[in-house]
Amino acid sequence: MKVATWNVNSLRARFDRLKGFLGRHAPDVVCLQETKLEDSAFPVQELAALGYESVFFGQRTYNGVAILAKETPSDVIKGFGDLADDPQCRFLAVRVGNLRIASLYVPNGGEVGSDKFLYKLSWMARWRAWLSARPADERPHLLCGDFNVAPEDRDVHDPVAWKDQVLCHPDERKALTAVREVGYEDVFRRHHDAAGLYSWWDYRMLGFPKNRGLRIDHVYARRDFAAASSSCLIDREERKGKLPSDHAPVLVELAAP
DNA sequence: ATGGTTGCTTAGCAA
């Protein structure tokens, strides 16, 4: 089966591009981030017409995650269900067939040391806690989304300029390592060693034409499931042309559990 | 240090 994740930076603004993407790749499951749509505005019918059922957890203007699937999703989980009183819609998990999968949008973090940065670190700790609190066989096989962290310097176009900056800061990388230590693996790095492979490029300053990007969109697989993946690709084509998102989709081919 | 671009919402914020 084929699974994709894509930060669309507004589903309203990107709907035509999403349609083209679904037509080209025919993924079985698609995780979306930054839908920026209230649930009442989610294009359920339009996606049903394309052969996809939708599960969504959104809000007006900001954030918002969704999962589209050819098969009917079940076991829907919205947010971490912890004691934090968090109005931001950033985590959604479902089951599609036997595959458990989460679509997540880690907070950007603003500036290092800011309130937003502290929120990012605390959100990542809550994410890790949510995972470790679940029985291992009930954890998502795949964690997909905009993690807003470049895990290593080879994921960064200019590691010197980005050193200790948000998206690359050691505290964020440690928080991400803690998630992997629950029992996850970066699927992309199972299949590619090279530097210079990115999933996000700033809209400004010709970021994409100059390939000044970061690899911050990831698919993490449960360690007992990672070997089921046969490929993982970043679809740079989707960053080209008219009205692209600033993120490219990540696609994984895998044997269904 | 600021600016640059896009989206949502309408001047300014978030990314």
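Bear in mind that the values here come from a model prediction, so they are computed numbers and not experimental data. Reminder, nothing fancy here: chain letters follow the sequence lines and each chain counts from 1.
Listed nucleotides: B:dA14, B:dG7, B:dT9. Nearest to the side chain of A:S10: B:dG7. Listed nucleotides B:dT9, B:dG3, B:dA15 differ in distance to A:K116; the shortest reach to its side chain belongs to B:dA15. For A:L243, counting side-chain heavy atoms from C-beta on, the closest listed nucleotide (B:dG4, B:dG7, B:dA14) is B:dG7. Taking only side-chain atoms of A:E34, from C-beta outward, the nucleotide of B:dC8, B:dT6, B:dA15 with the closest atom is B:dA15. Checking B:dA14, B:dC8, B:dG4 against every side-chain atom of A:R204, the shortest atom distance belongs to B:dG4. Among the nucleotides B:dA15, B:dT5, B:dC8, the one closest to any side-chain atom of A:N108 is B:dA15. Proximity note for A:N9 (side chain, C-beta onward) versus B:dA15, B:dG7, B:dC8: the nearest is B:dG7. Of the candidates B:dC8, B:dA15, B:dT9, the closest approach to any side-chain atom of A:R60 belongs to B:dT9.
If you chain together hydrophobic residues whose side chains sit under 4.5 Å apart, A:Y119 and A:L167 never meet in one group.
For A:T61, no side-chain nitrogen or oxygen approaches OP1 or OP2 of B:dA14 to under 4.0 Å. Side-chain N/O atoms of A:R14 include one lying less than 4.0 angstrom from OP1 or OP2 on B:dG7.
Mapping A:K36 and A:Y62 onto DNA chain B by nearest heavy atom places A:K36 closer to the 5' end of the strand. Residue whose closest nucleotide on DNA chain B sits further toward the 5' end, between A:M205 and A:G110: A:M205.
Per the geometry, CG belonging to A:N7 stands 12 Å off C1' belonging to B:dA14, to the nearest Å. Rounded to whole Å, atom C1' of B:dT9 lies 15 Å from atom CD of A:Q59.
Inspection of the A:S103 and A:Q33 side chains reveals an N or O donor paired with an N or O acceptor under 3.5 Å.
Listed for the A:D28 side chain is a donor-acceptor partner under 3.5 Å among the backbone atoms of A:K2. Judged purely by atom type and a 3.5 angstrom limit, A:R239 uses its side chain to pair as donor or acceptor with the backbone of A:D246.
A:F147 and A:W200 have their aromatic ring centers separated by at least 6.0 angstrom.
Using a 4.0 Å heavy-atom cutoff across all strands shown, A:F208 reaches no nucleic acid atom at all. Within the nucleic acid shown, A:R212 has no heavy atom closer than 4.0 Å to any nucleic acid atom.
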